[in-house]
Amino acid sequence: MKENVRQELDALEMMVLNWKRSYLEHASPEGNNDFLVQEFQEEISTYMSPYLRRLFQCEHLNQQEAEEFLNACYNQVDDLRAQIREVETPPAKPGIWQKVVQQT
(Lines give C-alpha, C1' and ligand atoms only; values in the text may rest on other atoms or scores of the structure.)
Protein backbone atom coordinates (compact mmCIF):
# COMPACT_ATOMS: atom_id res chain seq x y z
CA MET A 1 0.00 0.00 0.00
CA LYS A 2 1.33 3.40 -0.92
CA GLU A 3 2.17 5.92 1.78
CA ASN A 4 -0.43 8.43 0.61
CA VAL A 5 -3.14 5.75 0.81
CA ARG A 6 -1.98 4.83 4.32
CA GLN A 7 -2.23 8.50 5.31
CA GLU A 8 -5.72 8.68 3.83
CA LEU A 9 -6.80 5.63 5.84
CA ASP A 10 -5.31 7.17 8.98
CA ALA A 11 -7.36 10.32 8.37
CA LEU A 12 -10.49 8.24 7.83
CA GLU A 13 -9.82 6.32 11.02
CA MET A 14 -9.52 9.58 12.96
CA MET A 15 -12.80 10.72 11.43
CA VAL A 16 -14.58 7.58 12.61
CA LEU A 17 -13.09 7.93 16.10
CA ASN A 18 -14.21 11.56 16.24
CA TRP A 19 -17.74 10.54 15.24
CA LYS A 20 -17.73 7.88 17.94
CA ARG A 21 -16.52 10.35 20.57
CA SER A 22 -19.23 12.80 19.57
CA TYR A 23 -21.97 10.18 19.83
CA LEU A 24 -20.68 9.05 23.21
CA GLU A 25 -20.82 12.63 24.49
CA HIS A 26 -24.55 12.68 23.68
CA ALA A 27 -25.31 9.46 25.57
CA SER A 28 -27.72 9.90 28.44
CA PRO A 29 -27.53 7.93 31.70
CA GLU A 30 -31.34 7.65 31.57
CA GLY A 31 -31.11 5.26 28.61
CA ASN A 32 -32.82 5.31 25.22
CA ASN A 33 -29.46 5.74 23.46
CA ASP A 34 -29.92 3.06 20.80
CA PHE A 35 -30.46 5.75 18.20
CA LEU A 36 -26.90 6.98 18.75
CA VAL A 37 -25.45 3.60 17.84
CA GLN A 38 -27.76 3.33 14.83
CA GLU A 39 -26.82 6.77 13.55
CA PHE A 40 -23.12 6.04 13.99
CA GLN A 41 -23.52 2.82 12.02
CA GLU A 42 -25.46 4.68 9.31
CA GLU A 43 -22.69 7.27 9.02
CA ILE A 44 -20.15 4.52 8.43
CA SER A 45 -22.43 2.88 5.86
CA THR A 46 -23.19 6.18 4.14
CA TYR A 47 -19.72 7.71 4.03
CA MET A 48 -17.04 5.07 4.65
CA SER A 49 -18.38 2.15 2.62
CA PRO A 50 -18.64 4.05 -0.70
CA TYR A 51 -15.29 5.74 -0.13
CA LEU A 52 -13.55 2.43 0.52
CA ARG A 53 -15.31 0.86 -2.45
CA ARG A 54 -13.96 3.65 -4.63
CA LEU A 55 -10.43 3.20 -3.27
CA PHE A 56 -10.76 -0.49 -4.13
CA GLN A 57 -12.14 0.21 -7.62
CA CYS A 58 -9.25 2.57 -8.33
CA GLU A 59 -6.87 -0.16 -7.13
CA HIS A 60 -5.50 1.86 -4.23
CA LEU A 61 -6.61 -0.93 -1.88
CA ASN A 62 -7.01 -4.62 -2.45
CA GLN A 63 -10.20 -6.36 -1.36
CA GLN A 64 -8.71 -7.67 1.88
CA GLU A 65 -7.43 -4.22 2.92
CA ALA A 66 -10.78 -2.60 2.19
CA GLU A 67 -12.68 -5.29 4.11
CA GLU A 68 -10.30 -5.10 7.07
CA PHE A 69 -10.66 -1.34 7.30
CA LEU A 70 -14.45 -1.47 7.03
CA ASN A 71 -14.59 -4.22 9.67
CA ALA A 72 -12.46 -2.05 11.95
CA CYS A 73 -14.98 0.77 11.48
CA TYR A 74 -17.89 -1.50 12.38
CA ASN A 75 -15.94 -2.74 15.41
CA GLN A 76 -16.06 0.86 16.60
CA VAL A 77 -19.87 0.61 16.46
CA ASP A 78 -19.71 -2.38 18.83
CA ASP A 79 -17.30 -0.47 21.06
CA LEU A 80 -19.63 2.55 21.16
CA ARG A 81 -22.54 0.26 22.10
CA ALA A 82 -20.51 -1.14 25.01
CA GLN A 83 -19.40 2.30 26.18
CA ILE A 84 -22.97 3.60 26.07
CA ARG A 85 -24.11 0.65 28.19
CA GLU A 86 -21.49 1.66 30.78
CA VAL A 87 -22.92 5.19 30.79
CA GLU A 88 -26.44 3.82 31.22
CA THR A 89 -25.52 1.43 34.03
CA PRO A 90 -22.84 3.00 36.22
CA PRO A 91 -20.99 0.73 38.66
CA ALA A 92 -23.00 -0.23 41.72
CA LYS A 93 -22.30 1.56 44.96
CA PRO A 94 -20.88 -0.55 47.77
CA GLY A 95 -23.56 -2.47 49.63
CA ILE A 96 -23.92 -2.74 53.40
CA TRP A 97 -21.73 -5.85 53.58
CA GLN A 98 -18.90 -4.20 51.69
CA LYS A 99 -19.04 -1.27 54.11
CA VAL A 100 -18.91 -3.60 57.12
CA VAL A 101 -15.93 -5.47 55.68
CA GLN A 102 -14.09 -2.23 54.90
CA GLN A 103 -14.60 -0.97 58.46
CA THR A 104 -13.16 -4.13 60.06
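All values below were derived from every heavy atom in this structure, side-chain atoms included, with hydrogens, water molecules and symmetry-related copies excluded.
- Taking 4.5 Å as the limit, every side-chain heavy atom of K20 sits out of range of all side-chain heavy atoms of V16.
- Two residues are said to be in side-chain contact when any heavy atoms from C-beta on lie closer than 4.5 Å; F35 and E39 meet this criterion.
- Within the 4.5 Å cutoff, the side chain of L36 has no heavy atoms near those of the L24 side chain.
- Looking at Y47 and E42, their side chains never bring a donor and an acceptor atom within 3.5 Å of each other.
- Expressed to the nearest 0.5 Å, how far CG of L61 lies from CG of L9 amounts to 5.5 Å.
- Judged by distance alone, with hydrogens and angles left aside, the side-chain atoms of H26 form a donor-acceptor pair with the main-chain N or O of S22 at under 3.5 Å.
- At a threshold of 4.5 Å between non-hydrogen side-chain atoms, the residues L70 and E67 do not count as touching.
- For the residue pair Q76 and L17, the shortest heavy atom distance occurs at OE1-CD2, 3.4 Å.
- In this structure, the side chains of M15 and M48 come closer than 4.5 Å at one or more pairs of heavy atoms.
- A heavy-atom distance below 4.5 Å is not found between the side chains of D78 and V37.
- In this structure, N32 places its CG atom where only 12 or fewer heavy-atom neighbours from other residues, nucleotides or ligands lie under 6.0 Å away.
- Counted within 6.0 Å of CD on Q57, heavy atoms from surrounding residues, nucleotides or ligands total more than 12; the atom is thus considered enclosed.
- Without hydrogens or angle criteria, N62 side chain to E65 main chain gives a donor-acceptor distance under 3.5 Å.
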Side chain to side chain contact (heavy atoms under 4.5 Å, CB included), that's the test. Do Y51 and E8 meet it? Break it down for me. CA-CA 11 Å; Y51 197 88; E8 186 71 21; 2.5 Å; yes
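- Minimum interatomic distance between S45 and P50 (heavy atoms only, all atoms of both residues): O-CD, 3.4 Å.
- When all heavy atoms of N33 and S28 are compared, the closest pair comes out as ND2-O, 2.7 Å.
- L12 places a side-chain heavy atom less than 4.5 Å from the side chain of F69.
- Between Y23 and F40, the ring planes lie tilted relative to each other; the angle falls in the 30° to 60° range.
- Side chains of Q83 and D79: a donor-acceptor N/O pair is present below 3.5 angstrom, by distance only.
- The shortest distance between side-chain heavy atoms of S49 and Y74 falls below 4.5 Å.
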